[in-house]
Protein chains: 4
Amino acid sequence: VQSDKETRGITLCNVGVTSVEIPLLIVERGGGVQTVQAVACLSTSLQAERKGAHMSRFMIQLSELTKKKVTPALLRSFLESTLSYNEADAAELTAEFKYFIEKQSPVTKHSAPMGYKCCFKGAIKRGGLVEKSYLTIGVVVPISVLCPCSKAIAAYGAHNQRAEIDANVILSRSTDNGVLWIEDIITALEQCASSQLYPILKRADEKLVTEEQYEKPRFVEDVVREASLALRTLPQVIGFTVKARAIESIHNHAAWAANRENFDSVTGF
Amino acid sequence: VQSDKETRGITLCNVGVTSVEIPLLIVERGGGVQTVQAVACLSTSLQAERKGAHMSRFMIQLSELTKKKVTPALLRSFLESTLSYNEADAAELTAEFKYFIEKQSPVTKHSAPMGYKCCFKGAIKRGGLVEKSYLTIGVVVPISVLCPCSKAIAAYGAHNQRAEIDANVILSRSTDNGVLWIEDIITALEQCASSQLYPILKRADEKLVTEEQYEKPRFVEDVVREASLALRTLPQVIGFTVKARAIESIHNHAAWAANRENFDSVTGF
Amino acid sequence: VQSDKETRGITLCNVGVTSVEIPLLIVERGGGVQTVQAVACLSTSLQAERKGAHMSRFMIQLSELTKKKVTPALLRSFLESTLSYNEADAAELTAEFKYFIEKQSPVTKHSAPMGYKCCFKGAIKRGGLVEKSYLTIGVVVPISVLCPCSKAIAAYGAHNQRAEIDANVILSRSTDNGVLWIEDIITALEQCASSQLYPILKRADEKLVTEEQYEKPRFVEDVVREASLALRTLPQVIGFTVKARAIESIHNHAAWAANRENFDSVTGF
Amino acid sequence: VQSDKETRGITLCNVGVTSVEIPLLIVERGGGVQTVQAVACLSTSLQAERKGAHMSRFMIQLSELTKKKVTPALLRSFLESTLSYNEADAAELTAEFKYFIEKQSPVTKHSAPMGYKCCFKGAIKRGGLVEKSYLTIGVVVPISVLCPCSKAIAAYGAHNQRAEIDANVILSRSTDNGVLWIEDIITALEQCASSQLYPILKRADEKLVTEEQYEKPRFVEDVVREASLALRTLPQVIGFTVKARAIESIHNHAAWAANRENFDSVTGF
């Protein structure tokens, strides 16, 4: 039936599967391998003359992906084989997952795992002799921000709150600068906050974090600008988007800011 | 088919519809009527000898409910007619919705609507000559809490964050004490925080709120205890549960506390 | 503090508020006015030399928006005044809400409200003498799809499932073709399914819907192509994206397909 | 500050941490160990005379839990040490996670991992000489149901849809009947559907599943009754709740049914 004749003349940019739950193997900066529980979306384009895609093929491919260590090279070859297998002109993969990093409190050195939402996305498109492709890594980094305005106007105290930096970086194809680890992005972004977050804080830690917050007030605008500067210094990154969102402690809504650099020109095909 | 013979001998406590989106008319304390967009769940018990319920009947009833002003008396008669219509021994209705209250900033008196998650729940059960029933109102009140420990140990500043109080109160059947308005519960609970939240805060307002937070530190434990005292003073309330949950600004998890008074004995039939 | 000197030299594309809960007044095709409960996001760009935006201004503006009937003309003037008020070069508004339409069963004519997720988005950008802007309406239409492949290969039956069409249309600035109502988009899209959904179905209705599903099998690819043809016929629409997603009844994942026509060229500034 | 005097005289049933993201090690029926990504909630009661709990202790305990293989015996000793460590009368732990099982298509034997939402919950309470405790395992099993009524009244076809069975079972303290594996509960519940779900289905598989669905129509009421019979046969289970919820393909709401056997009497302390 998928091979029936199709006469409506409409090319589709995406046909595939989504909300697919799969485990993935992610290589850690320290050399270990972490099993994560991803939600994946895989699709190809569909030519105007084809009625339907073979959906089971996408699932077979995703099933094979679960057995290998995910690297940029693996994702590129995965996208290429998706193109060939489905005789398509374009393919897209996204995989969202939580990634754990062991994190130590700043003074008493109590350690526990902390989870970060991450996303790998890759796309490839062939047209005539030209092939375009890109890979991005997305990370959501929970942070704390203390309001500069509140600190300035109040006789004492300053409202602060949980916030998050949501960044997506495009990877350079060059391997001259080595691997960009998820940990590298997180480390770079956590410096941009009023304070980082920690799983465990004892009294001496809490004192330090509270005072650090107060000494380093940040609007969401500041966080995005600092994060932009930080992402520019990563040599493997050729473009990015970055957002900050603060769950305001004095309002029932959130404040946010965003910046994009060299992003749409690379990903917009 | 629903009327086929059923031989497995199992009585079901609930059969019905859920995730039903309906508008509802809620009477405001000030006399106005607010249209809210509810998600409802309606069910009855099902006797062991009956194969199935008539699901369309539940939808017809909910559809009729959308045309009337919701009051405790209406909900009680709704549950009774659900029992009769479906020839059941027990019936349950829950309706979750957002309710808007116009809220003014404390100094400059800027006003805007603020949304509160609410829930009406009612249940009725007939057994022989006895009939039991109850109605509860649930409200989630977003607040701000400032950590007493952080304030005590830090040289300056104190971490604070968005939090919420989630309370469910059982209504007395007596009407001697007048109507209990959603607004009454919210007003009572907002006093229990380090500070209330506001839609609009200009500079003078922000100064006041920041200082108020700092002067009134509260653990989630304090919030729940203050909220318990506050709910006890509402004469129309005969039992309650109350939870507080703080979206910690220095952690990636939440702190919480809870209390229940005279709740399970009334609702647990 | 927002007026402090800013030296990092980074223009921000968005600064504003998000997750703002507000009621909105939507004009219905039939002439009535429906109060909906929206979640809004409002932002402007921020020049490199400015440290921060005045967040309370966004809330004041959104608060004023709640009092007027939302029309394309109102949204355009709202965006223009957001630009001026904040001395910005670009502004964006999105408002997501549920919209109810009374819907009748096909045979027995039982009627009840059915909810549809909708989204209004508008953006404006000024650069030198040029001003660009657009408005989009988004609607998510829940439908039913029956698998052509399953029907073709099985001796009897065919798997079918809840699905949804998620369309975003760009409104023409011309008013020659009259208003495009949310109801018009929904009506156009519901024809593209194996069957529409209904709040209430009695036996005679269920028979008709079941047989209609079986007679009109549709892949998600078919749904997107039919929806593309349908959207092209709406004279007020100058571009669109359309996705279909089926909550497969035989899989734990979803199948999806998508098309975009004249969309990125208009919205991508 | 947590050790300050407390005079309001209110005992709290829960004080602790929630939305805690941690990895856990789960032993599989086949002998392997699976790393899952859990969201945990841990709390103790708090005596009337104590102002606050030491929240960091809960995080230290959860951090230690991540390093051990989770078994009923481990969870029991974890709860006991939580009591002692916090000098509390009652403690509660819940951990929600996704668990993967490799699943084969019925005819062509294509295999891929399929994810199931699971939840471990444990509680303990000491009062005088008496100690009460329980452990439950919760599993959400996605299934397919085909409507008996639709099949009976339609000339051809029958609406069917994704559904889910949500069961919570209380474990017996006796080890005479061996371990109850998550896989055992899932296997028992998947038999109660019109059809199971599969990650990969090729044509021959899809034909079989479609016909099986059609031959085995089930209301949600039937699913709950069959599931109740199935859970009664598990020798390690001493009580349970079970719900079925169908994402109706012809409606925008869900149908549901529920049963509880020997549940509240065990867990309600």
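This one's a predicted model, so the numbers in the text were calculated from it and none came from an experiment. Chain A is the first sequence line, chain B the second, and so forth, proteins listed ahead of strands; every chain is numbered from 1.
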Check whether more than 12 heavy atoms from other residues, nucleotides or ligands sit under 6.0 Å from atom NZ of B:Lys117, and answer yes or no.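 Counting other residues, nucleotides and ligands, NZ of B:Lys117 stays at 12 neighbours or fewer.
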Begin from the C-alpha positions of D:Asn259 and D:Ser228 and carry the test side-chain hydrogen bond (donor to acceptor under 3.5 Å, both in side chains) through to its verdict. CA-CA 7 Å; D:Asn259 183 29; D:Ser228 299; 3.0 Å; yes
Taking side chain as everything from C-beta outward and backbone as N, CA, C, O, which of these in [X] sits under 4.5 Å from a heavy atom of chain D? Side chain, backbone, both or neither.
| X | value |
| --- | --- |
| B:Lys151 | neither |
| B:Ser45 | neither |
| B:Asp222 | both |
| B:Leu62 | neither |
| B:Val17 | both |
| B:Arg245 | side chain |
| B:Glu248 | neither |
| B:Ala53 | both |

Could you walk me through whether B:Ser43 and B:Glu92 pass the side-chain hydrogen bond (donor to acceptor under 3.5 Å, both in side chains) test, one step at a time? CA-CA 5 Å; B:Ser43 67; B:Glu92 260 183 47; 4.7 Å; no
Ion pair [X]/[Y], N-O distance below 4.0 Å:
| X | Y | result |
| --- | --- | --- |
| B:Glu49 | B:Lys5 | no |
| B:Lys243 | B:Glu164 | no |
| B:Arg50 | D:Glu221 | no |

Out of [options], return the one with the most heavy atom pairs under 4.5 angstrom to chain B.
| options | answer |
| --- | --- |
| D:Ala246, D:Gly16, D:Ala257, D:Gly268 | D:Gly16 |
| D:Leu229, D:Thr18, D:Val15 | D:Thr18 |
| D:Glu261, D:Glu6, D:Arg260 | D:Glu6 |

Between B:His253, B:Arg8, B:Arg225, the one whose heavy-atom pairs under 4.5 Å with chain D are most numerous: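 Counting heavy-atom pairs under 4.5 Å, the top option is B:Arg225.
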Among B:Gly9, B:Ala244, B:Ser19, B:Ala40, which residue has the highest count of heavy-atom pairs closer than 4.5 Å to chain D? B:Ser19
At a 4.5 Å cut-off on heavy atoms, which part of D:Ile22 comes close to chain B: side chain, backbone, both, or neither?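 Nothing of D:Ile22, per the 4.5 Å heavy-atom cut-off to chain B.
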For side-chain contact (heavy atoms from CB on, under 4.5 Å), just list the numbers for B:Ile124 and B:Lys132, CA-CA rounded to whole Å, side-chain angles, deciding distance to a tenth of an Å, and then say yes or no. CA-CA 6 Å; B:Ile124 187 168; B:Lys132 288 181 178 181; over 6 Å; no
Would you please test D:Ser194 and D:Glu212 for side-chain hydrogen bond (donor to acceptor under 3.5 Å, both in side chains) and show each step? CA-CA 7 Å; D:Ser194 291; D:Glu212 188 184 69; over 6 Å; no
With heavy-atom distances below 4.5 Å as the criterion, would you say the side chains of D:Ile170 and D:Phe263 are in contact?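 With C-beta onward as the side chain, the pair touches.
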